[in-house]
Amino acid sequence: MKHDPSLIMMEDVDGAPVRIGATVMVVRTEPEDVLSERFLGRVGVVVALVFDDPPAQYPTDPLIQVRVAGVGEDLFFAREIVEVPQGHFVAFGSSSSG
């Protein structure tokens with residue numbers, strides 16, 4: 001049996017790019033980012049930090065597990081999410097040209 005060295009944290013980690021429970025939006029910042037279109041532009045909640053190579057990633061470079069209501073959960077790099085300030089309403093499909 002092979003030992004899985006992954007470290008999955010469901011509580012805040014000092015030095016991590018986000019906090020557990022943070023509200024985030026999934027974004028594409030690099031043209032080569034391969035994101036599931038069903039998550040792109042959606043708002044979700046950070047539920048875990050995944051360190052699949054803890055010696056190299058801990059604490060500043062985890063994969064970030066995000067749960068989006070009605071869509072599911074997936075893992076993202078820090079560059080693929082942006083925090084949504086608490087109390088801000090995010091409108092989808094609207095334009096601010098005015």
Side-chain angles (χ1 to χ4, degrees):
M1 183 171 169
K2 186 177 178 186
H3 174 68
D4 181 3
S6 296
L7 178 61
I8 300 172
M9 302 296 293
M10 299 175 116
E11 56 190 47
D12 289 336
V13 173
D14 286 340
V18 293
R19 298 281 181 211
I20 301 299
T23 303
V24 296
M25 178 182 285
V26 179
V27 298
R28 179 176 285 131
T29 58
E30 302 290 331
E32 66 273 2
D33 284 347
V34 180
L35 295 173
S36 171
E37 293 298 320
R38 64 191 185 129
F39 286 95
L40 189 59
R42 302 265 186 163
V43 173
V45 176
V46 175
V47 294
L49 303 173
V50 180
F51 301 91
D52 54 356
D53 183 6
Q57 295 174 302
Y58 190 87
T60 61
D61 192 27
L63 288 169
I64 301 162
Q65 187 171 350
V66 176
R67 178 180 300 138
V68 175
V71 178
E73 294 182 5
D74 207 346
L75 297 172
F76 301 94
F77 293 108
R79 72 172 186 264
E80 296 172 333
I81 61 171
V82 292
E83 281 199 67
V84 176
Q86 193 170 28
H88 277 63
F89 175 77
V90 179
F92 294 98
S94 65
S95 172
S96 59
S97 61

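Predicted model, so just to flag it, every value in this text is computed and none were measured. In what follows, every heavy atom counts, from backbone to side chain, and hydrogens, waters and symmetry copies are set aside.
Contact of the V26 side chain with the F76 side chain is registered, since non-hydrogen atoms from C-beta on lie closer than 4.5 Å. L49 is not listed as a side-chain neighbour of I8, based on a closest heavy-atom distance of 4.5 Å or more. At a threshold of 4.5 Å between non-hydrogen side-chain atoms, the residues V24 and V66 count as touching. Under the 4.5 Å side-chain criterion, counting only non-hydrogen atoms from C-beta, I20 is not in contact with V47. Side-chain atoms of D61 and F51, non-hydrogen and from C-beta on, never get closer than 4.5 Å to each other. Between L75 and V50, some side-chain heavy-atom pair lies under the 4.5 Å cut-off. At least one side-chain heavy atom of P62 sits under 4.5 Å from a side-chain heavy atom of P17.
Between P59 and D14, the shortest heavy-atom distance links the atoms CB-O, 3.4 Å. Listed here is the closest heavy atom pair of V84 and M25: CG2-N, 3.9 Å.
No chain of hydrophobic side-chain contacts below 4.5 Å, direct or via other Ile, Leu, Val, Met, Phe, Trp or Tyr residues, connects V82 to V45. Hydrophobic clustering (ILVMFWY, side-chain heavy atoms < 4.5 Å, transitive): V46 and L40 are in one cluster. Linking ILVMFWY residues whenever their side-chain heavy atoms come closer than 4.5 Å, directly or via other members, places V71 and I64 in the same cluster.
Side-chain N/O atoms of Q65 and D74 include no donor and acceptor closer than 3.5 Å.
At least one cation-pi condition fails for R42 and F39: the charged atom is not both under 6.0 angstrom from the six-membered ring centre and inside a 45 degree cone around its axis.
Residues forming a salt bridge (Lys or Arg N to Asp or Glu O under 4.0 Å) with E37 (at least two apart in sequence, or on another chain): R28. Applying the salt bridge (Lys or Arg N to Asp or Glu O under 4.0 Å) test to E83 and every residue at least two apart in sequence or in another chain returns nothing. With sequence neighbours excluded, no residue satisfies salt bridge (Lys or Arg N to Asp or Glu O under 4.0 Å) with R38.
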Can you list the steps and then say if V68 with V43 is a side chain to side chain contact (heavy atoms under 4.5 Å, CB included)?
CA-CA 6 Å; V68 175; V43 173; over 6 Å; no

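In this structure, the side chain of D12 does not engage the main chain of R19 through any donor-acceptor pair within 3.5 Å. Judged by distance alone, the side chain of Q57 and the main-chain N or O of D53 form a donor-acceptor pair under 3.5 Å.
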